[in-house]
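Below is one structure, written out as structure tokens, with a few remarks after it.
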Number of protein chains: 2
Amino acid sequence: MRADAQRNRERILAAAEEVFLERGANVVLDEVAKRAGVGVATLYRRFPTREDLLAAAYSARFETFAETSRRRDAELDPVSALRLYLEELVQHTNVYRGLAASLGTVLQVGTPGCAATSKEGLRLLERAQRAGVVRLDVTFDDLVCVATAISLATGQHTSSKVRISHLVDMFTEGMVVR
Amino acid sequence: MRADAQRNRERILAAAEEVFLERGANVVLDEVAKRAGVGVATLYRRFPTREDLLAAAYSARFETFAETSRRRDAELDPVSALRLYLEELVQHTNVYRGLAASLGTVLQVGTPGCAATSKEGLRLLERAQRAGVVRLDVTFDDLVCVATAISLATGQHTSSKVRISHLVDMFTEGMVVR
DNA sequence: TCCTATATGGAGATATCCTCCACTTCGCAA
DNA sequence: TTGCGAAGTGGAGGATATCTCCATATAGGA
């Protein structure tokens with residue numbers, strides 16, 4: 001990519017981050033372009049769909065999230081690790097209002113951060129399954145569905161950390177082998 | 001309501017049912033008006049928002065659904081009844097492609113069928129809670145969010161009865177007292 | 001039959017998405 | 001350096017969708 005294009009790409013991501021934070025994941029994209037000081041065409045050329053932009057804007061956060069999770073691996077038993085992963089995934093999803101409904105799509109976009117997050121989730125899931133503490137019929141997509149449900153249930157109202165934690169507990173219990 | 005207005009209302013609902021089934025819940029509403037042989041203004045006057053129209057068009061189905069659920073009350077234990085309710089709610093939601101995202105709003109619109117469905121869900125939930133088999137901190141809104149998430153996760157692909165059932169199981173497990 | 005509250009339709013104002021293309025800029029090769 | 005082709009750009013405007021305004025029509029009671 002040409003240097004100027006790269007520069008614009010970064011400006012767009014910075015603007016997207018700001019605008020999504022302020023006004024949610026469903027803002028008019030012209031607003032993002034304007035804030036980035038760039039034409040809409042440039043934005044659409046680089047990020048053909050809203051999900052592409054969301055995934056890219058969120059990539060860095062997701063990257064950090066995955067890395068953090070990976071790093072504390074040894075400290076937690078498989079179920080606690082999975083539980084915490086889910087809780088943090090929901091919290092991240094709630095950062096952009098309206099992201100919940102697209103979480104599945106966004107995670108599939110394949111941005112480095114999204115890929116890392118999916119990979120880490122899968123790793124934790126499989127670890128727990130190998131340890132025989134989580135049901136074998138649970139898939140990573142199921143986890144995403146759980147995170148979506150919790151995010152939908154808690155996203156509207158101002159971040160109720162307690163309630164998120166509560167719901168995560170509840171549904172993690174549902175996945176545990178008894 | 002004047003007789004001609006009533007007639008038009010019914011035509012709009014019949015057209016909406018057809019069009020939503022064929023092309024999903026996000027079709028252009030002009031299409032519905034055209035098929036009903038009515039101006040758009042008439043449609044918007046009667047159903048100010050898409051959700052109003054969806055709720056009205058879906059009212060009959062939801063009515064039947066609630067009634068069916070109510071009728072088999074004696075045959076099932078509280079958890080099985082709740083589980084089946086959830087599964088059927090998701091299946092109904094998937095009938096109109098794209099309805100999932102509006103499920104919460106639609107259920108709140110207060111059409112007779114929607115009200116009956118909410119009421120029945122709440123009844124089943126409270127019955128299970130009184131029987132001490134479902135956690136007391138689960139609300140009806142949580143159920144709706146779960147149904148929405150499952151519907152979002154399964155709605156795109158056809159023939160996902162197995163997957164729906166699996167996800168419903170998982171979430172139900174989580175809500176059960178152990 | 002008349003009269004008016006009620007209802008109608010479709011043109012068009014408004015909003016959003018996305019593309020086209022004339023023009024600009026980068027950066028390599030000579 | 002400079003020239004030049006490939007890469008990139010912006011914003012006007014087409015396409016699509018939503019929703020309203022208001023001149024006109026009509027049901028149905030008096």
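Letters A, B, ... are given to chains in the order of the sequence lines, protein chains preceding strands, and every chain is numbered from 1. These numbers come from a predicted model, not from an experiment.
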query = Which of residues 2-15 of chain A have a heavy atom under 4.0 Å from DNA chain C?
reply = Arg2(A), Ala3(A), Asp4(A)
inquiry  = So which atom in Ala116(B) and which in Arg70(B) form the shortest heavy-atom distance, rounded to 0.1 Å?
reply    = CB-NH2, 4.2 Å
ask   = Applying salt bridge (Lys or Arg N to Asp or Glu O under 4.0 Å), which residue pairs with at least one partner in residues 87-115 of chain B are found, sequence neighbours left out?
value = Arg72(B)-Glu88(B), Arg83(B)-Glu87(B)
message = Pairing donors with acceptors under 3.5 angstrom, does anything connect the side chains of Ser151(B) and Asn94(B)?
response = yes
ask   = Expressed in angstrom and rounded to an integer, what is the separation of Leu43(A) atom CG from dG8(D) atom C1'?
value = 14 Å
ask   = Under 3.5 Å, is there a donor-acceptor pair between the Asp169(A) and Thr172(A) side chains?
value = no
ask   = Which residue, Thr49(B) or Arg45(B), contacts DNA chain D at a nucleotide closer to its 5' end, judged by nearest heavy atom?
value = Thr49(B)
ask   = Is the shortest side-chain N/O distance from Thr42(B) to OP1 or OP2 of dG9(C) below 4.0 Å?
value = yes
task = Could you please spell out the steps behind the side chain to side chain contact (heavy atoms under 4.5 Å, CB included) verdict for Leu124(B) and Ser69(B)?
result = CA-CA 9 Å; Leu124(B) 290 175; Ser69(B) 174; 3.6 Å; yes
inquiry  = In this structure, would Leu82(B) and Met170(B) fall into the same cluster of hydrophobic residues linked by side-chain contacts under 4.5 Å?
reply    = yes
Report, one pair per line, the protein and nucleotides 13-18 of chain D atoms (nitrogen or oxygen only) whose separation is under 3.5 Å.
from	atom 1	to	atom 2	distance (Å)
dT18(D)	OP1	Arg50(B)	NH2	2.1
dT18(D)	OP2	Leu29(B)	N	3.3

key: Centroid separation Phe65(B) to Tyr85(B) less than 6.0 Å   = yes
ask   = Can you check whether Thr105(A)'s main-chain N or O pairs, donor with acceptor, with Ser102(A)'s side chain at less than 3.5 Å?
value = no
